[in-house]
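Proteins get letters first, then strands, A, B, ... in listed order; numbering begins at 1 in each.
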Amino acid sequence: MSVYPFKEIEEKWQALWQKERAFSARADSQKKKYYLLEMFPYPSGKIHMGHVRNYTIGDVASRFKWMQGYNVLHPMGFDAFGQPAENAAIKNKTQPGIWTHKCIEWMKIELKKMGFSYDWEREVSTCESSYYKWNQWIFLRMFEKGLAYKKASSVNWCPACETTLANEEVVDGGCWRCHTEVEQKDLEQWYLKITGYKEQLLEDLRQLTNWPQRVLAMQENWLGKSLGVEIYFRIKGQDKTIPVFTTRVDTIFGATYIVLAAEHPLVKELIGGSSQEKKVLKFIEKVSKESKAVRTSADVKKEGIFSGAFAVNPVNNEEVPIWVADYVLMEYGTGAIMAVPTHDQRDFLFAKEHGLPMRVVIESPVAGRRSPEKLTEAYEGDGIQVNSGQFDGLPNKEAKVKIAEWMEKAGIGKIQTHWRLRDWLISRQRYWGTPIPIIYCEKCGMLPVAYADLPVELPKEAPFTGKGGSPLAKVKEFVHVTCPKCSVPARRETDTMATFFDSSWYFLRFCSPQFADEPFDRREAKYWMPVDQYIGGIEHAILHLLYSRFFTKFFKDLGMVDFAEPFKRLLTQGMVLKDGEVMSKSRGNIVDPDLIIKKYGADTLRLFILFAAPPEMELEWDERGIEGAFKFLNRVWRLYESHEPEDVMKSRKKMHETIKEVTEDIENFKFNTAIASLMEFVNVIYQSGADEEIISSLIIMLSPFAPHFSEELWERMGNKERIYKTKWPEYDPKMLIEETVTIIIQVNGKVRSKIDIPSDMAEDKLKELALADEKLRPWIQGKPVKNLIVVPRKLVNIVI
RNA sequence: GCCGGGGUGUUGGAAUGGCAGACAAUGGGGACUUAAAAUCCCCCGCUCGUAAGAGCGUGAGGGUUCAACUCCCUCCCCCGGCACCA
């Protein structure tokens, strides 16, 4: 088989692009900028198909924008801090820094083999002190503003990684990295007050019209804003109230008892001296030994005990018993609930178990009025208010608002907004991360490191073992400092920052990667930002994208940027599957991109991965598809070797059509159909021949997809200028106008005939022709024509 | 349960409300070849039919329309996010 010499060609052009600094970008206010960014990788040492897909999608867009005359910023770097490097270093008895640098070098080689058009002069690695210095700088600014703070609380703890985790890093109750079940631990830790931006984070989602719906939905879910009412239940015979929180204030008239969490501080006061005291205390002790998981598990029976006290429902002054139960948790809401057994399934089960009263207050439009005794489960749906005083007869959704407003006015409740979002825990008890720039002095307390003293360098060596707390705490030279205020011996903070801190602003650093005064040069950022197109995996839909949005809003408040959202458009590419499953080491179904490059070349791999599915959809790996892409490139290669200038009118027309389609498709990231159009174009050229112009346009349009291949043919055709600098072709709209068009003729919407007519034929004439069509005779003969619809240049529908 | 995205040939996937299945993969046939591979050309949704052709067909059922994969309603299934959050 004679195949084109892809190996030589690819090596040749990769070297030339590098030598010519082909894709280095410079801010230029005269030129329209385009900032194209793909999520930078963690330097594992090897690229996988997910990277190949992500970066190929970006590369096509980048090359296309260059050719359209944009000033393109297309940088690449490495998210280089993090646990895997530390674990690998432990395993291989080396230093994470050494290991990481090696990985970066290997990875760069692989990325270069793919022919990606990066501006390598802007490369950054987050593990360099020239980068993490600015993490510390940002942290200190946040500290000044009260947005970085330390507090003791119950935190997520991964016992395998021996470190804390942010809420966003807990997936299905397990560590996002190693899936070990996460425990709760009481620790004093550093937090970032992301909740200070919750309203904006939610509000600004509406600006992000070019983000995928599902990402917006996931972020909205995560922020979790819910409207509710805090209701005050007076305790009978006492001058105290119990606040409860509800999102279903429409069911308040059905609240027949209230429940306190076992840990609720009021419990002990309520039972003091009562006959119930001993029993309740015993119950509390029992509950305190149960884990949260058991208490909130759906299949474990809810246990509880009557406190002996009563409260008064403020809407109807009804006395209701106060219970203590395990299914109510102190962490949620106020640690106390109003129980509406008819309209909340948890309360229903509890009430049945303990023989508590029930009252229906919302009538289902389907089932109608039912007595509580007949209920087999709570009705949690919508309906009409009953037994609800002046609100009877209202739809519950309406009543919800009215009741809330009425209660607030009467001073018996307060409308409240609850959020799911919690502050971001950033302390990690690991070595390979940015040191938190804080000093503790026995006299002066907690002090920030002075800006002039940044960076706080991560010591080159530390006794990291993955066990036994922060490794930095064991490095004496690191820990022991003198207090910057009073000069007595003091010690440094020894936790490091979560690595998501590093990646929350790297897109800004790329604008001015060597800038030495601040994290980024404001003027450069003003020119390049926001990112016009961001591309990455859906797995970052919450974590990284939410944190980056938060940082951007913070920079805006500091006056460092003048925009609130960092990423204008977002594309989340689908995963690469093999045999219907995600490619992963543990499944053993990985296809190594390097082997494919060796066998077929990078251009073939790029072409296949773009052709096999639209970017945002899952892609099933198919070796035969690779063959197909390879065959296509060879077919184009032979075309160049032997094209004949025959009667090329047909090919020329097709050329203009193809330019239109490919241009529009690339703009809309529909690369699979863009490639399909190019294949059609080649098929037409095989039939009808081509001249220089036609071949040139084909090669140019192919170049974002298969850049080495196209560059080579372009040169062989005698062009001096590189193809990556060539102007993207434009089509002539006149060439798209057909002289004759095929008209579909339908009878009652079914295709019965087709005719070719001059495209400028008058409508009346067309109608006449259509009605006279021989093929239609059996269908319309003897039947009156009721209606005749003509869609110009497309079809005629005869309604009979 | 709530929110979001999907469901089209043997397969990956195409179709501003206007010829369903572009382009490819698989399969079949032909040309070239001593032969094979490669290459070039042709065919390829299902049913009936020698054929011409007809009927059916985009998860199911309704609706709107001259015309529905596309818009509306009800339902089923798959994927993802959130969830005993009061």
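Of the P atoms belonging to rA36(B) and rG30(B), the separation is 11 Å, rounded to the nearest Å.
The partner of rC2(B) is rG81(B), judged by Watson-Crick or G-U wobble contacts that both fall below 3.5 Å.
At the heavy-atom level, Lys670(A) lies under 4.0 Å from the strands shown only through sugar-phosphate atoms. Residue Lys786(A) is out of contact with every strand shown, counting any heavy-atom pair closer than 4.0 Å. When heavy atoms are screened at a 4.0 angstrom cut-off, Gln213(A) is found touching the sugar-phosphate backbone but no base atom.
For Ile798(A) and Ala613(A), each mapped to the nucleotide of RNA chain B holding its nearest heavy atom, the one lying further toward the 5' end belongs to Ala613(A).
Using a 4.0 Å cut-off, some side-chain N or O of Arg638(A) falls inside it from OP1 or OP2 of rC40(B). Taking 4.0 angstrom as the limit, Arg420(A) places a side-chain polar atom (N or O) nearer than this to OP1 or OP2 of rA83(B). Between rU16(B) and Lys794(A), no contact under 4.0 Å exists linking OP1 or OP2 to a side-chain N or O.
Applying the 6.0 Å contact sphere to CE of Met575(A) captures no more than 12 heavy atoms from other residues, nucleotides or ligands. Enclosure of atom CD in Glu408(A) by more than 12 non-hydrogen atoms of other residues, nucleotides or ligands within 6.0 angstrom is indicated.
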query: Once each nucleotide of nucleotides 21-32 of chain B is scored for protein heavy atoms under 4.0 Å, what B/S/- sequence comes out, 5' to 3'?
result: -BBSSS------
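If you measure from atom CG of Leu205(A) to atom C1' of rC82(B), you get 15 Å, rounded to the nearest angstrom.
Side chains of Glu169(A) and Asn156(A): no donor on one and acceptor on the other come within 3.5 Å.
Using a cut-off of 4.0 Å between Lys/Arg side-chain N and Asp/Glu carboxylate O, Glu303(A) and Lys286(A) are scored as salt-bridged.
Looking at Asn797(A), its side chain comes within 3.5 Å of the base of rC66(B) through a donor and an acceptor atom.
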